[in-house]
Number of protein chains: 2
Amino acid sequence: MPYDPSAFPPFAVTVDLVVLTVRRHALCALAVRRGEPPFQGRWALPGGFVRDDEDLSQAAARELAEETGLRAYGPAAPDQDNGAHLEQLATYGDPKRDPRMRVVSVAHLALAPDLPAPRAGGDASNARWAPVEELLQQGGYGRDGEPVAPLAFDHAQILADGVERARSKIEYSSLATAFCPAEFTVGELRRVYEAVWGVALDPRNFHRKVTGTPGFLVPTGGTTTRQGGRPAQLFRAGGATLLNPPMLRPEV
Amino acid sequence: MPYDPSAFPPFAVTVDLVVLTVRRHALCALAVRRGEPPFQGRWALPGGFVRDDEDLSQAAARELAEETGLRAYGPAAPDQDNGAHLEQLATYGDPKRDPRMRVVSVAHLALAPDLPAPRAGGDASNARWAPVEELLQQGGYGRDGEPVAPLAFDHAQILADGVERARSKIEYSSLATAFCPAEFTVGELRRVYEAVWGVALDPRNFHRKVTGTPGFLVPTGGTTTRQGGRPAQLFRAGGATLLNPPMLRPEV
DNA sequence: AGTGTTTATCGTCAGGAAGACGACTATGAT
DNA sequence: ATCATAGTCGTCTTCCTGACGATAAACACT
């Protein structure tokens, strides 16, 4: 049976990326400045059209590489240097979300360690890491005194959903290690939790919890003193992906 | 700036539904028989094209009503009689998932109480509730001796993802009540958990847990004896949506 | 009426995990 | 030498769970 193009309305399909990292004790997201209407000059999440022969996850990985140079590792691939965790987040398809045409956007969530300098088309002024509270706040002024405009399209909602996903997922999975470099200390991992949740955690109980969970951390044998104070043991992420029992997020 | 249709490839966008219920102590999903190629005669998940002026959740709710007569209540709407919980599950967009054309499907998950007789276009033989293990098993024969063919398209994967979402979500949310009628007993709720997880739970510990979690259940004052044995208190779902601490799923 | 069966509900006890927090260790800075 | 900083090991109490005994209230038999 030949297919009848008039039987369904045509859609444009895009992927948008919520790329999160932890910088200077704050959860930050990658934002790019729009060069063309609509929302010209406003900040938005990176993203682009899905190509004709691409799977959704491929398109997301391609966009991630284009914007950050990060390679994606999915649920099956092992942790790699200079790699980022990538997973599908949710899909947004309000008929009016793009004034030009009917666009359905499959949002993805990427978690990356700190370091990679933003590069969007080689122009650094058009991409930046910004604290998520700054990107999500409505109106007012940012830390640099620049007036804050809301993100383009429905990207504030997408970012909020991505942040919430990350916050809840580090409770019951070892995903927080995706924010850390290949080797890291217990203290660095704790500061990731503190930045993502916005709370302070007891260093002693945290240490007991993460070192006592089998498969979460494997010691590399080395130590480091890069944080000052007593040298700390170095670990890398273990094979475990699910934490049981989970890490408990303190109330309020 | 006028939009350029040649700048992006056109997609068809559909919604597919994983509709789950508990019947006869088994987790069952709604399946419909395909009346046309491809996969003519095979079982598939209900679904259809998203219309030009519809949001994704609207399209999913419409399809759900068409197939089952169930009204959907989302995250914000209160529990209703003859209503079903509906949430977005994930999006599937492999370029080859539909041999006819490029189709991106936004799968949704619906949880409904038992009872509604399937009706797909008024023909009962083209829709049925089937245990999820039966729909997911590869080859072999079903309980009725009929040979089992795999679900059409990638619907086995979608169903598996939906079942896994349901199994994990009743751990930390009060969503299991979506499988129950408006008023239900602790025993009925326990049998929901047992059917979804495929395990046996201790009735005494389960009773202590659910009645001890604030906001999970509110007694209606009535009692019932429809399960035989001593009359049981009737409850309805309370306002709480998140269970803290969660209900623990027994190992293995 | 009595007995058994079924389901519901209450109670007890031991073990594990988490929060609070004291104490000690090993580095760099002053 | 002293202090500040960060890491690591223990202790104690409290809460939650799993295992399981015991009682309660219905129905189905004989």
[X] [atom1] to [N] [atom2], straight-line distance once rounded to whole Å:
{"X": "B:Leu189", "N": "C:dA8", "atom1": "CG", "atom2": "P", "value": "11 Å"}
{"X": "A:Lys209", "N": "C:dG19", "atom1": "NZ", "atom2": "P", "value": "9 Å"}
{"X": "A:Asn244", "N": "D:dC16", "atom1": "CG", "atom2": "P", "value": "18 Å"}
{"X": "A:Leu248", "N": "C:dG19", "atom1": "CG", "atom2": "C1'", "value": "10 Å"}
{"X": "B:Glu194", "N": "C:dT7", "atom1": "CD", "atom2": "P", "value": "11 Å"}
{"X": "B:Phe206", "N": "C:dT7", "atom1": "CZ", "atom2": "P", "value": "15 Å"}
{"X": "B:Phe184", "N": "C:dT7", "atom1": "CZ", "atom2": "C1'", "value": "17 Å"}
{"X": "A:Leu201", "N": "C:dA18", "atom1": "CG", "atom2": "P", "value": "13 Å"}

Open item on the list: Check A:Glu134 with A:Arg128, please: is the shortest side-chain N to carboxylate O separation under 4.0 Å?
Closed with: yes

Open item on the list: Using OP1 and OP2 only, check whether a side-chain N or O of B:His207 sits under 4.0 Å from C:dT9.
Closed with: yes

Open item on the list: Using OP1 and OP2 only, check whether a side-chain N or O of A:Arg191 sits under 4.0 Å from D:dG7.
Closed with: yes

TODO: Report the distance from atom CE of A:Met247 to atom CG of A:Leu201, rounding to the nearest 0.5 Å.
DONE: 8.0 Å

TODO: Applying side-chain hydrogen bond (donor to acceptor under 3.5 Å, both in side chains), run through A:Tyr92 and A:Asp16 and close with a yes or a no.
DONE: CA-CA 10 Å; A:Tyr92 301 82; A:Asp16 285 322; over 6 Å; no

Task: Heavy-atom donor-acceptor pair, B:Thr177 side chain to B:Ser174 backbone, under 3.5 Å - done: yes

- [ ] Look at all strands and tell whether B:Arg190 reaches a base, only sugar-phosphate, or nothing, counting heavy atoms closer than 4.0 Å.
- [x] sugar-phosphate

- [ ] Return the minimal non-hydrogen interatomic distance between B:Leu86 and B:Ala72, and the atom names on each side.
- [x] CD2-CB, 3.7 Å

- [ ] Specify the residue among B:Arg249 and A:Pro203 whose closest nucleotide of DNA chain D lies further upstream toward the 5′ end.
- [x] A:Pro203

Task: For B:His108, all residues meeting ring pair (Phe, Tyr, Trp, His ring centres under 6.0 Å), sequence neighbours excluded - done: none

TODO: Scan nucleotides 19-27 of chain D nucleotide by nucleotide, 5' to 3', and note B when protein non-hydrogen atoms come under 4.0 Å of the base, S if they reach only the sugar-phosphate, - if neither.
DONE: BBBB-BBS-

Open item on the list: I'd like to know if the side chain of B:Gln157 pairs up with that of B:His155 as donor and acceptor (distance under 3.5 Å, no hydrogens or angles considered).
Closed with: no

